[in-house]
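To keep things clear, I will list the structure first and then write my remarks on it.
When a residue number appears, it is its place in the shown sequence, counting from 1. Values below: every heavy atom of this structure, side chains too, minus hydrogens, waters and symmetry copies.
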Amino acid sequence: MRKHPEVRWGRAGFGLLILFLFLLACPFGRGEEVPALLAIIDTGVCPSQITPENAQLGDAFVLEAGWDFVAGELLYQDDSGHGTHMSGIVWRQLQGLRALAGEATEGRPALCMLRTGVANLAPDHLVAALQKLQTDLEAGREVSVVLCSFSLERTKTSGKLFEEFRALLESLLKMGVVIVSATNGAGANLDALGEEESYLPGCLEHPNLLTIAACSDRGFPAPRASTGKKKVFASAVGRNVRSLWPAGKEKTLSGSSQAAALVAAEAYHLLNRKQNPVRPEDLRDALTRQGRLHPALLGQTATGCFFSPIKPAQVEKD
């Protein structure tokens, strides 16, 4: 018995529909999904981190590394080592967070190093870094977290750049970018500082700004740690914080910059984890739940909690 031609056409149409839906779901020809950036504004990364095999993409620490926006070329120079430590701390902490969450740890995070000088952070370079970030955002690039491991103070010579830097920071915050900032280690109460004494980004007030002070391994405030129930979000360990370096090595560095790097990794992981990512407007509450309360920090910061580096033993135990 001959089948009705409409039946044959209906089956073929159904097959074509399935094929269309399959091709729509497949990534072929559409390119890989570009992950959100964690941008680090610092001195750059160590030249030995870059090999011929990964020179275009960076290494395990930095995916889009060492962009020298002043000279307009890739330059990985970091004579002070500070930027290399920041990227290494973020990557080490992210590995630990992913392992604790049962996620794959071999994938590289999308870290972007915005180089601001060989050893020092020049004010005009800081402004240029934020301008580049803003341009990337306006072009559709997703930047979820910016780590500012420095403080820019107002001086007689940097007054104009200070205001320009403030305007760019406020613009990024309004665009939904989370900025994690280190304090300057002067031991001041940021809530009580006058306009002439304030510094950036730490002294700004915005829900998307997380200013971090340093504390000991057990959560006690570090010597000369900054305070402020309004302007300091939380604390993190800042003493001998370990960072990943080339060839599987680890080094340590101490300070509020290192504390801020730990929290930047925590924030980036919460916002970009595979299962149940946190919305930016819920990030403060989510981070507070992740941190540990300490009586010595209550009244010193907005949350009274602190964050610690993830240790390999913690991952193995869990």
Side-chain angles (χ1 to χ4, degrees), residues 33-42 62-65 67 69 83 86-87 89-91 93-94 97 109-116 121 123 125-152 161-183 198-212 230-234 236 256-257 259-273 277-288 290 302-303 307:
E33 182 181 354
V34 180
L37 280 178
L38 191 162
I40 303 174
I41 303 178
D42 213 302
V62 183
L63 182 61
E64 297 181 8
W67 176 251
F69 43 80
M86 293 302 98
S87 60
I89 290 170
V90 168
W91 180 217
Q93 188 75 349
L94 274 172
L97 291 167
L111 304 188
C112 173
M113 177 66 68
L114 296 175
R115 182 176 178 271
T116 56
L121 299 166
H125 290 193
L126 295 176
V127 169
L130 292 193
Q131 287 173 337
K132 183 181 188 304
L133 281 176
Q134 189 172 45
T135 300
D136 288 349
L137 282 163
E138 292 171 348
R141 185 68 163 104
E142 186 178 355
V143 181
S144 59
V145 177
V146 177
L147 171 58
C148 295
S149 51
F150 59 86
S151 59
L152 177 62
L161 287 169
F162 185 92
E163 294 303 326
E164 190 174 355
F165 189 63
R166 180 204 294 270
L168 286 165
L169 284 170
E170 292 174 342
S171 175
L172 290 174
L173 290 168
K174 289 179 181 177
M175 295 173 78
V177 175
V178 173
I179 296 178
V180 181
S181 170
T183 57
S198 64
Y199 59 86
L200 299 173
C203 289
L204 290 177
E205 281 191 71
H206 193 280
N208 287 349
L209 175 65
L210 307 174
T211 299
I212 307 300
K230 292 182 179 179
K231 294 185 177 179
V232 180
F233 172 69
S256 59
S257 295
L262 292 175
V263 179
E266 298 267 358
Y268 182 82
H269 181 255
L270 286 171
L271 292 169
N272 297 280
R273 61 189 180 188
V278 172
R279 298 179 303 175
E281 57 267 31
D282 298 327
L283 180 60
R284 279 179 168 261
D285 290 339
L287 281 170
T288 302
Q290 294 269 93
T303 61
F307 298 84

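With sequence neighbours left out, the side chain to side chain contact (heavy atoms under 4.5 Å, CB included) criterion links Ala259 to Ile212, Ala214, Ala236. Residues forming a side chain to side chain contact (heavy atoms under 4.5 Å, CB included) with Glu205 (at least two apart in sequence, or on another chain): Lys230, Lys231.
Note: Leu287 CG to Phe307 CZ = 5.0 Å, rounded to the nearest 0.5 Å. To the nearest 0.5 Å, atom CG of residue Leu168 and atom CG of residue Leu161 are 10.5 Å apart. Rounding to the nearest 0.5 Å gives a distance of 8.5 Å between CG of Asn272 and CG of Leu38. The CG atom of Leu137 sits 4.5 Å away from the CE atom of Met175 when rounded to the nearest 0.5 Å. The CG atom of Leu169 sits 5.0 Å away from the CD1 atom of Ile179 when rounded to the nearest 0.5 Å. Separating the CG atom in Asn208 from the CZ atom in Arg284 is a distance of 8.0 Å, to the nearest 0.5 Å.
A donor-acceptor pair under 3.5 Å is absent between the side-chain atoms of Asp282 and the main chain of Val278, judged by distance alone. Put simply, the side chain of Thr303 gets close to the backbone of Phe233: a donor and an acceptor are under 3.5 Å apart. The backbone N or O of Gln131 lies less than 3.5 Å from a partner atom in the side chain of Thr135, making a donor-acceptor pair. A donor-acceptor pair under 3.5 Å is formed between the side chain of Ser256 and the backbone N or O of Thr183. At distances below 3.5 Å, not a single donor-acceptor pair connects side-chain atoms of Ser149 with backbone N or O atoms of Ser257.
Taking both residues in full, the closest heavy atoms of Ala36 and Tyr268 are given as O-OH, 2.7 Å, listed atom of the first, atom of the second, then distance. Taking each heavy atom of Leu270 and Ala286 in turn, the nearest pair found is CD1-CB, 4.0 Å. When all heavy atoms of Ser181 and Leu209 are compared, the pair lying nearest together is CB-CD1, 4.1 Å. Ala129 and Ile41 make their closest contact through CB-CG2, 4.1 Å (heavy atoms, listed as atom of the first residue, atom of the second, distance). The two atoms that bring Tyr199 and Ser151 nearest to each other are CD1-CB, 3.3 Å, heavy atoms only. In terms of heavy-atom proximity, Met86 sits nearest to Asp42 at CG-OD2, 3.2 Å.
Leu271 is listed as a side-chain neighbour of Pro280, based on a closest heavy-atom distance under 4.5 Å.
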Inset, instruction - For Lys132 and Asp136, run side chain to side chain contact (heavy atoms under 4.5 Å, CB included): C-alpha distance rounded to whole Å, both residues' side-chain angles, the deciding distance at 0.1 Å, then the answer. - result: CA-CA 6 Å; Lys132 183 181 188 304; Asp136 288 349; 3.1 Å; yes
